[in-house]
Amino acid sequence: MGKRDYNLLGEDARRAVESGLAAAAWYHTEVPRKVMKDLMQRSDQPAIRDTILLYGGMIVFAALGIALWPHVWSAPFWLAYGVLYGSASDSRWHECGHGTAFRTGWMNDVVYQIASFMIMRNAATWRWSHARHHTNTYIVGRDPEIAIMRPPAFLKLIGSFIGIPEVLQFVPRMIYNAVIGVHPEEKTFVPESEWPKVVRVARVHLAIHAATVALAVWMQSILPLMVIGLPRMYGAWHHVMTGLLQHGGLADNVVDHRLNSRTVMMNPVSRFIYWNMNYHVEHHMFPMVPYHALPRLHEAIRHDLPAPNRSIAAAFREMWPALRRQLASEDYVLHRELPPTARPYRLDFHTAALGTAAA
Amino acid sequence: MPQWVDACATDDVEPEDVIRFDHGGQTYAVYRSPDDYWFCTDGLCSHEQVHLADGLVMGDVIECPKHNGRFDYRTGAPKRAPVCVALRTYPARAEAGRVLVELP
Ligand code: FES
């Protein structure tokens, strides 16, 4: 395929539309309607419990961090607070953006807005970018959420563990949105009726961050920034660690999530922070299934999926060498075996997208 | 000239559920509400042409299986992003164990 053009207005974007890849039907494992209906059912209870735990934990850790500040003993509490602020907010943003976390709509919306602020994403823009990520998962030029482009930019990836590239991208874009308006690239996936919301959200975020900086200057201390803003950086590592595993080293330009997404078994703490998004193939295949039902969905369809990685470490051991090989050869991808019970991969679309065969 | 068309048996759809119905080269979604009324809309989501019958009925709402956009299936009105454009609706009724929909 050669050099990839990830620009949403670029050559690969045009080709994906022309070849029909952008509008192709995706592979789904067959699940009886009755089973699927049961898996899709919504409930407030698990998300209320998890949200009380999350925000309760944040308040306790931040209070202890502030009480012990600036002693070195405050550090563990900041680290814990940071992971909840800078990583758990990513999964809350994600699930509440889908509207599946709670049964009650306004609860999804409130947690979504708070999480978007903490993870530094414009709540209005990113709702649409994520819709595109689901339509065109890892289709080059169409998916605005490709975390690992090819060849992989290792320095940027490592910087992401402390949020550097994201914050550097977010701050100017927030100011642009607040002062000038919607960016031309955003206009490719955000409908015009939503543009005023993009601006409004950016202004609210800007006001809160500006007030925090002003308070820090007035107090002559970074303490206010330890509570708001900086935890997006010092607590980002967990969501980057888990997020890179979602699609890293796997195929792009395919229409079968078993080829481009990864399910990883994880410890309970990581699953709480990540809200079960370790079942990533399952989530992409059936985005209607709420996070708390994903383990059941996994059991229902595992016969049709490649075996999950057994741990975060095992998944990195698989992914990292593949990323390194992609430095030399952009077209290299991990190809995982399907169990004998599975239906075969849909490789035909992939081949067509590479321009080496007719669709 | 609109005509009433036999879409399915009432037993084919549980209360608070939906079924796909294809007719005359078009696809429709036929809904059975929790209180046992029948409704019919276009079968494809107005956002990205996905079959709504694979989605979830919750009360008066159908949630699309692709991006979780929502419609009020009684009126076709969009209720949650990313859907912005309403669905067309068609009269539906049950008669002698069959569901009939009035199609153009
Ligand atoms: S296709 Fe229905 S919400 Fe996107």
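So you know, we letter chains A, B, ... as the sequences are listed, proteins then strands, and number each from 1.
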Original post:
More than 12 heavy atoms of other residues, nucleotides or ligands under 6.0 Å from NZ of A/Lys37: is that the case?
Top reply: yes
**OP:** Using heavy atoms and a sub-4.5 Å threshold, report which of residues 63-76 of chain B line up against chain A, by residue number.
**Re:** B/Glu63, B/Cys64, B/Pro65, B/Lys66, B/His67, B/Asn68, B/Arg70
Original post:
Using non-hydrogen atoms and a limit below 4.5 Å, what part of residues 25-46 of chain B faces chain A?
Top reply: none
**OP:** Tell me, yes or no, whether the heavy-atom count around A/Gln45 atom CD, taken from other residues, nucleotides or ligands under 6.0 Å, exceeds 12.
**Re:** yes
Subject >> For chain A, which residues of residues 78-95 of chain B have heavy atoms nearer than 4.5 angstrom >> reply: B/Arg80, B/Ala81, B/Pro82, B/Cys84
Original post:
Do the non-hydrogen side-chain atoms of B/Leu56 and A/Gln41 ever get within less than 4.5 Å of each other?
Top reply: yes
Original post:
Just checking heavy atoms, which of residues 13-24 of chain B are less than 4.5 Å from chain A?
Top reply: B/Glu14, B/Pro15, B/Glu16, B/Asp17, B/Val18
